[in-house]
Amino acid sequence: MTTQRQTITSLLADCAARGDETALAYRRGVRTVRWSYARLAASSYRTARELEARAVCRGDRVIVWADDSAEWVAAFFGCCLRGAIVVPLDAASAPDFAARVESQVNAKLLLYGDVEADELARRVPSLRLSDLSRAISRHPATVYEAEAISADDIAEIIYTSGTTAEPKGVVLTHRNLLASLAPIERGARKYLKWETLFHPIRFLSLVPLSHVFGQFMGVFVPQVIGGEVFFPNSLKPTEIVETVKRNRVSVVVAVPRLLDTLREMIEREQESRGRITKFRRKLEDARRWSTARRWWEFRDVHRRLGWKFWAFVVGGATLAAETETFWRRLGYAVVQGYGMTETASLVT
């Protein structure tokens, strides 16, 4: 593990030690696609070379307008290696919003997914993100000697609004990102000996990578502990539950509304079985129980979600106290993050 990081791309140096361990996974049709740490690093190096071939230089802006995927992550690191500035846009962004952002940043390249990018792609050199692996396959996978990037160089510009006014971009440097990541990494080190008992810790990332909270919990934090990240292709509660169980997910990263929705689903299921009164009585009694007893008393819920799942990491909005209490009394950890994009997300 790198002890003193200068740029966010230093995470790639750790990938070699993890080799064939899975870093990222997602569903494509009926099959699950898995990227190893070695493949992620190689794809990032190749992406940097592709950017170089396209004359994307240090300080140039690259818009990434797509759903979360392994290719998204490789594109992010490739841009950082090249010294280019990532401008991530939520896949749900309207075309006119994307056009206004582009007019501000004067993008050198557009990387896009299943979005309405036709008009923007006519104005800006572009590449469909699903074609990235094929496009970069001509380049060597050896370590890319990054530009002379410093901690104070800009890593990305994140747009947080723009629906009712001009888009406002938050400029984040490598130092900004590392200021939030470094204390987490230091704090995690003393627990890594216990992590081997549960390895690999799998994260289900339900927060877009276009948000800095999504990047931290979907890319940066999992990498410092050698975890796996799964990107879902559906936000339906029943499919999320099946994904958690089938992939033996340990941690779900989500916005509070999802915890509300999953809570409602659990309560509906209890009601359909005629157990809701007993269930609520047990929830009330659970305030006096140990975590072990909560797992036993609510074992039907834990069986439903899979025995490896144990925690929610929540951010992006206010979590209702009753929803947090609900999940804690079932025996799950609920970790709330608070911060702003302007602080590279995490404050506490």
Side-chain angles (χ1 to χ4, degrees), residues 25-27 30 32 67-68 92 197-198 200-208 211 213-214 217-218 221-222 227-339 348:
Y26 58 95
R27 295 284 289 180
V30 296
T32 298
D67 284 313
D68 300 352
L197 300 174
F198 306 97
I201 294 178
R202 296 187 179 92
F203 296 77
L204 178 64
S205 179
L206 302 173
V207 181
H211 297 191
F213 174 55
M217 296 310 305
V221 171
E228 295 182 13
V229 178
F230 195 95
F231 298 124
N233 55 6
S234 171
L235 294 180
K236 293 180 180 178
T238 53
E239 293 191 26
I240 289 173
V241 169
E242 288 305 311
T243 297
V244 170
K245 185 173 184 178
R246 181 177 59 247
N247 294 282
R248 303 184 71 232
V249 167
S250 308
V251 179
V252 169
V253 182
V255 294
R257 178 58 191 153
L258 180 74
L259 273 68
D260 294 332
T261 302
L262 292 176
R263 173 190 175 185
E264 292 162 5
M265 185 192 77
I266 295 294
E267 290 178 329
R268 283 196 306 270
E269 290 178 350
Q270 293 294 323
E271 188 169 18
S272 69
R273 297 171 186 168
R275 301 177 181 174
I276 190 64
T277 301
K278 182 180 179 181
F279 180 77
R280 287 174 175 162
R281 189 182 305 121
K282 286 170 67 176
L283 273 177
E284 182 64 25
D285 293 341
R287 71 182 188 275
R288 298 185 296 269
W289 296 346
S290 67
T291 300
R293 183 172 178 185
R294 290 173 182 178
W295 275 64
W296 173 251
E297 294 287 350
F298 296 107
R299 58 190 178 277
D300 58 332
V301 177
H302 287 268
R303 187 181 301 112
R304 178 88 165 84
L305 287 162
W307 294 107
K308 196 173 182 184
F309 174 62
W310 63 276
F312 291 100
V313 177
V314 189
T318 302
L319 176 64
E322 58 268 26
T323 298
E324 179 179 3
T325 298
F326 174 87
W327 289 106
R328 286 188 181 278
R329 288 187 181 176
L330 289 178
Y332 295 104
V334 180
V335 181
Q336 292 192 63
Y338 172 77
T348 184

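Everything quoted here is computed from the prediction, not taken from an experiment.
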**Item:** Distance (rounded to the nearest 0.5 Å) between Leu330 CG and Thr325 OG1
**Value:** 11.0 Å
**Asked** Sequence neighbours excluded, which residues qualify as ring-ring contact (aromatic ring centres under 6.0 Å, His included) partners of Phe279?
**Response** Phe298
**Message:** For Arg329 versus Leu283, what's the shortest heavy-atom pair and its separation?
**Reply:** CD-O, 3.0 Å
**Request:** Could you list all the salt bridge (Lys or Arg N to Asp or Glu O under 4.0 Å) pairs where at least one residue sits in residues 308-324, not counting sequence neighbours?
**Result:** Glu324-Arg328
**Message:** I need the minimum non-hydrogen distance between Gly218 and Phe231, along with the two atoms involved.
**Reply:** O-CZ, 4.1 Å
**With Arg275 via salt bridge (Lys or Arg N to Asp or Glu O under 4.0 Å) - residues at least two apart** = Asp300
**Item:** Inter- and intrachain pairs under salt bridge (Lys or Arg N to Asp or Glu O under 4.0 Å), touching residues 234-248, at least two apart
**Value:** Glu242-Arg304
**Prompt:** Does any pair with a residue in residues 240-267 pass ring pair (Phe, Tyr, Trp, His ring centres under 6.0 Å), and if so which ones, sequence neighbours excluded?
**Reply:** none
**Message:** So which atom in Thr291 and which in Gly331 form the shortest heavy-atom distance, rounded to 0.1 Å?
**Reply:** CG2-O, 4.0 Å
**Request:** Not counting sequence neighbours, which residues clear salt bridge (Lys or Arg N to Asp or Glu O under 4.0 Å) with Arg294? List them please.
**Result:** none
**Message:** Taking the side chain as everything from C-beta on, heavy atoms only, tell me whether Val253 gets closer than 4.5 Å to Phe213.
**Reply:** yes
**Request:** Would you give the length of the straight line joining atom CZ of Arg263 to atom OG1 of Thr323, rounded to the nearest 0.5 angstrom?
**Result:** 4.5 Å
**Message:** If we ignore hydrogens and angles and just use 3.5 Å, is the side chain of Trp327 paired with the main-chain N or O of Tyr332 as donor and acceptor?
**Reply:** no
**Fill in**
Between the OG1 atom in Thr318 and the OH atom in Tyr338, the distance rounded to the nearest 0.5 Å is 9.0 Å
**Prompt:** Rounded to the nearest 0.5 Å, how far apart are CH2 of Trp310 and CG of Leu305?
**Reply:** 14.5 Å
**Request:** Check whether any side-chain N or O of Arg299 sits under 3.5 Å from a backbone N or O of Trp296 as a donor-acceptor pair, and report yes or no.
**Result:** yes
**Exercise: identify the closest heavy-atom pair between Pro256 and Ala317** = CG-O, 3.4 Å
**Qualifying residue, where the test is side-chain contact (heavy atoms from CB on, under 4.5 Å) with Ser205 and the options are Val229, Val252, Val313, Val251** = Val229
**Request:** Answer yes or no: does atom CD of Gln336 have more than 12 heavy-atom neighbours from other residues, nucleotides or ligands under 6.0 Å?
**Result:** yes
**Asked** So, for Ser234 and Ile240, which heavy atoms are closest and what is the spacing to 0.1 Å?
**Response** O-CG1, 3.9 Å
**Prompt:** If we only count heavy atoms from C-beta on, is the Val207 to Met217 side-chain gap below 4.5 Å?
**Reply:** no
**Prompt:** Should the pair Arg257-Glu264 be classified as a salt bridge under the 4.0 Å nitrogen-to-oxygen rule?
**Reply:** yes
**Request:** Scan Arg287, Arg288, Arg281, Lys282 and name whichever one has a salt bridge (charged side-chain N to carboxylate O under 4.0 Å, His left out) with Glu284.
**Result:** Arg287
**Gap separating the CZ atom of Phe326 from the CG atom of Asp260, nearest 0.5 angstrom** = 10.5 Å
**Item:** Rounded distance (nearest 0.5 Å) linking atom OG1 of Thr243 with atom CG of Leu204
**Value:** 6.5 Å
**Request:** Please examine the side chains of Leu258 and Phe312, heavy atoms only from C-beta on, and report whether any two atoms are closer than 4.5 Å.
**Result:** no
**Request:** Find out whether Glu269 and Met265 are in side-chain contact, i.e. whether some heavy atom of one side chain is under 4.5 Å from a heavy atom of the other.
**Result:** yes
